[in-house]
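Just so we're on the same page: letters track the sequence lines, and every chain starts at 1. The structure displayed is predicted, hence computed values, not measured ones.
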Amino acid sequence: MQSGEAGGPRRRLSMREPTVNYARAQPSADAATAPRARLADWTPSCTARRIHALITDKESALATGKDGNSHEAWGSRIGLILAMAGNAVGLGNFLRFPRQAAANGGGSFMIAYFTALILLGIPLMWIEWGLGRNGGRYRKGHIPGMFAAIWKHPAAKYVGAIGLVVPLVVMIYYTYIESWTAAFAYFSLTKDYWGITTQDGMVGYLQSFQAISADGAKVYHHTYTPYLFFIGTLFINIFVLSKGIGGGIEKLAKIGMPILFLFAIILAGVVLFLPAQPGIGATPWNGLEFIYKPDLSRLGEPGVWLASAGQIFFTLSVGMCTLTAYASYLSKKDDITLNGLATAATNETAEVVLGGTIAIPAAVVFFGVSGAMAIAQSGSFNLGFATMPVVFQQLPFGNLLGVAWFGLLFFAGITSSVAMLTPITAFLREEFGLRREPVAWSLGALCLLFGLMHVHWLQHGVLDEWDYWAGTFGLVVVAVLEVIVFMWIFTPAKAWESMHEGADLRIPEIFKFVMTYVTPLYLLYILAWWGWVDAIPILLREKSAGGGPVNPADAPYIAFSRAIIVLLAIVAVVLIKMAWVRNKYDDRKGFAVADHTGEAA
Amino acid sequence: MSTSAILFMAGSWTFVLGLTFWSFAKLMKDNQHFDPDGLGPAVPPKPAETEKSPG
C-alpha cells in the first residue's frame, strides 16, 4: 500500500483496488490515515485472522463492483482458489475419471495420467493464469483482448473469437446436464424412484425423465419436468453470475466447495465400509483394485496415453477460457504460480482420492466386477444416474445419501457452469460498457433459447454434437492457441517473467522448456490424433459424436445444431469488430495499461 | 487387493494429497503476494494521531 492511499490519491486506483490493501500497511504514516473500520477488523491472533478470513467475506463495494460498471476483483485468496478449483472440479471428476481409469489399464493409466498432469495439465494451468493476468493488465478478461494484447496483429482478435464461443456453447448444454443432478437430488429426497431396484429399470427411469423413453416403455415423469429443472438450474446460474465476481461467484465457491467436499467425504466413507452382498461377494476394495490394478503391458498403447491426457485436459478445465477470465481479475502484484498449483492440486484430490472411491467401488459391491465393467462401458451417466440410485436403495438413509451424491454433482457442476459465462460477460462489459445485470440476464435468455433445443431434441444427438465440437475438440484448439500466443509469440522469456511477477513460488526452470516445447507438442499430437480418428469422421457423419450408430433421421437436427455454433461464431466476430471500432483500438499498438495498481507497464 | 494395486493407489493418493497439503501450507505460510487476501495486517496498525480526540 502506498502512503496516503486512503486520502486523496485513492482516486488513482481503479475499481479493482483490493478491499484490504491495508494488509500491507506499515504502521506509520499509512496507519495515520487508515479508516477506523479497518482497525476494528484487525484481530490479534494470526490463526484467528486466517480462520476469520476463511469464513467471512471481506468484499467491499470496490471488490464486488457494486457500481455495476467497475472492473471487479477477488475478495480473498481462499475465495479465488475455491472459485478456480470449483471451476475445475466438475461432473467429470466423479463420473468420467473412475471410468477412464478402469477402462485403460488401472495403474498403467495412473502412470500416464500423472505424466500428463506434469507435462500438460499444470503447465497449461500456469499458462492460462499468466495469459489471463496479463490480459487483466489491459482490463481484458476475454481471449480476443488477451490475444490482441500480446500478438499485435489484426488477426489476433478474430482468432480469439473461439474463446468467446466455446465456453458459451459448453455452458448451454452443461447446464442442462447439471439440471439432471438437481432433479435426481429432488427425486432422491422424495424417494421418487424407490422400488426401481434394477440397473435396467433405473436406465428406463432416467430416460423417462429425459423424455427419450422407447415406445411402450413406462413413463414416470411429466413431459414438462425436465424443462422445469433446466429453467430452474439456469436461473440459479444466471442469478449468481449477475452478482459478479466477489458477490456471486466467489460466494458460491465458498459455500459450494465445502459442501461438495463434505458430501464426497461422507459418500467415500460409506462406500469404503460397504459389506459384501450375498450372491456377489465383492467388497469396495475389489472396486479399488479394479481401478488401480496395474496392467503395465498397456503402457505401450497410444490410446492409454491419449485417454489420460484427455482426462487431465478436461478435469482441469484448461481451454475453457474460464481460468484466464478469472485470472484477469488479479494484479501483477498477486501470486499466480502457487495459486495455480494449489488449484490443480485441489482438483486432483477431488478426482483421484474422492472421485475414484465412490461410484466404481459401489458398483462393484452391488454388481460385481464384471457387472461394474459393463456399466462403466455403457457410459458415465448410467453409472451416476442409474447405478448409484440402485445402490442407495440398498443402504440405510439411502435417500439422504442420494441427495448427497446428486448434491455433490450439482455443486461440482454449477461452480463450473457459472464460470463458463464469465469470458463473454467480461467482453460485453469491458468493450461495450454494459452493466453486469442486464448482460447476465440477456445471456441467460440466450442460454434458455438454445438450451431448450437440447432438452427437446436430446434423442437426436444434438447434445453429443455440441459436446464434441465445443467441449472436446474446441478445448484443445483453444489450448493450442493459448500456448502459441503466450509461450511463442509473447516469447518464453517474457512469459516466464510475467508468470513470476508477485510469485510466492519459483517454478523449476525445467518447466520453461516444458511449457515452450513439450506442452505444445503434446497438445498438437492430441489435436492431430483426435482430428484424424474422430473429428473428420464425425464431421462427415461417418461416425456419431456420441459414439453410437449414425442415425440418418438425425441429420437435419445435427445440421441445425452445427449451424447454431457457426452462427454464434459469426456473431462473436461481428461483435469483436464492433468493439474494436467503438473503442478505436489500434491492432499494431495494443492497449493502454489499466492495471489496477495504477503503475505504468 | 493385490500388493501392486495397493502400491499404485497409495502412490497416487500420496502424490495428490502431498501436493495439496504442501501447496496450501506454503500458501498459508508465505502469504505475501495477494493484496486482497482478507487476512488483515501482520501487525496491528497504530491508532491514527489525527483520530485522537482533541485535548
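For the ring-ring contact (aromatic ring centres under 6.0 Å, His included) test, residues two or more places apart in sequence or in another chain that qualify with A:Phe114 are B:Phe15. Considering only residues two or more places apart in sequence or on other chains, A:Phe97 meets the ring-ring contact (aromatic ring centres under 6.0 Å, His included) condition with A:Tyr113.
Interatomic distance, CG of B:Leu27 versus CG of A:Asp335, reported as 7.0 Å (0.5 Å rounding). Between the CD1 atom in B:Ile6 and the NZ atom in A:Lys293 there is a gap of 13.0 Å [rounded to 0.5 Å]. Put simply, CZ on B:Phe24 and OG1 on A:Thr346 are 3.5 Å apart, with the number rounded to the nearest 0.5 Å. In this structure, the separation between CD on A:Glu348 and OG on B:Ser12 is 10.5 Å, given to the nearest 0.5 Å. One distance of note links OG1 of A:Thr349 with CZ of B:Phe21; it measures 7.5 Å at 0.5 Å rounding. Taken from CG in A:Leu288 to CZ in B:Phe8, the straight-line distance is 15.0 Å, to the nearest 0.5 Å.
For chain B, the nearby part of A:Thr357 is the side chain; its heavy atoms alone come within less than 4.5 Å. When heavy atoms are compared at a cutoff of 4.5 Å, A:Ile291 does not approach chain B at all. Proximity to chain B is limited to the side chain of A:Leu296, based on heavy atoms less than 4.5 angstrom apart.
The two residues B:Trp22 and A:Leu341 have their closest heavy-atom pair at CZ3-CD2, 3.5 Å. A:Asp504 approaches B:Lys26 most closely through the heavy-atom pair O-CE, 3.3 Å. Across all non-hydrogen atoms, the minimal contact from A:Glu289 to B:Met1 is OE1-CA, 2.9 Å. Here the shortest heavy-atom pairing between A:Pro294 and B:Ala5 reads CD-N, 3.9 Å.
Ranked by heavy-atom pairs under 4.5 Å with chain B, the list A:Gly356, A:Ala344, A:Ala342, A:Gly79 is led by A:Ala342.
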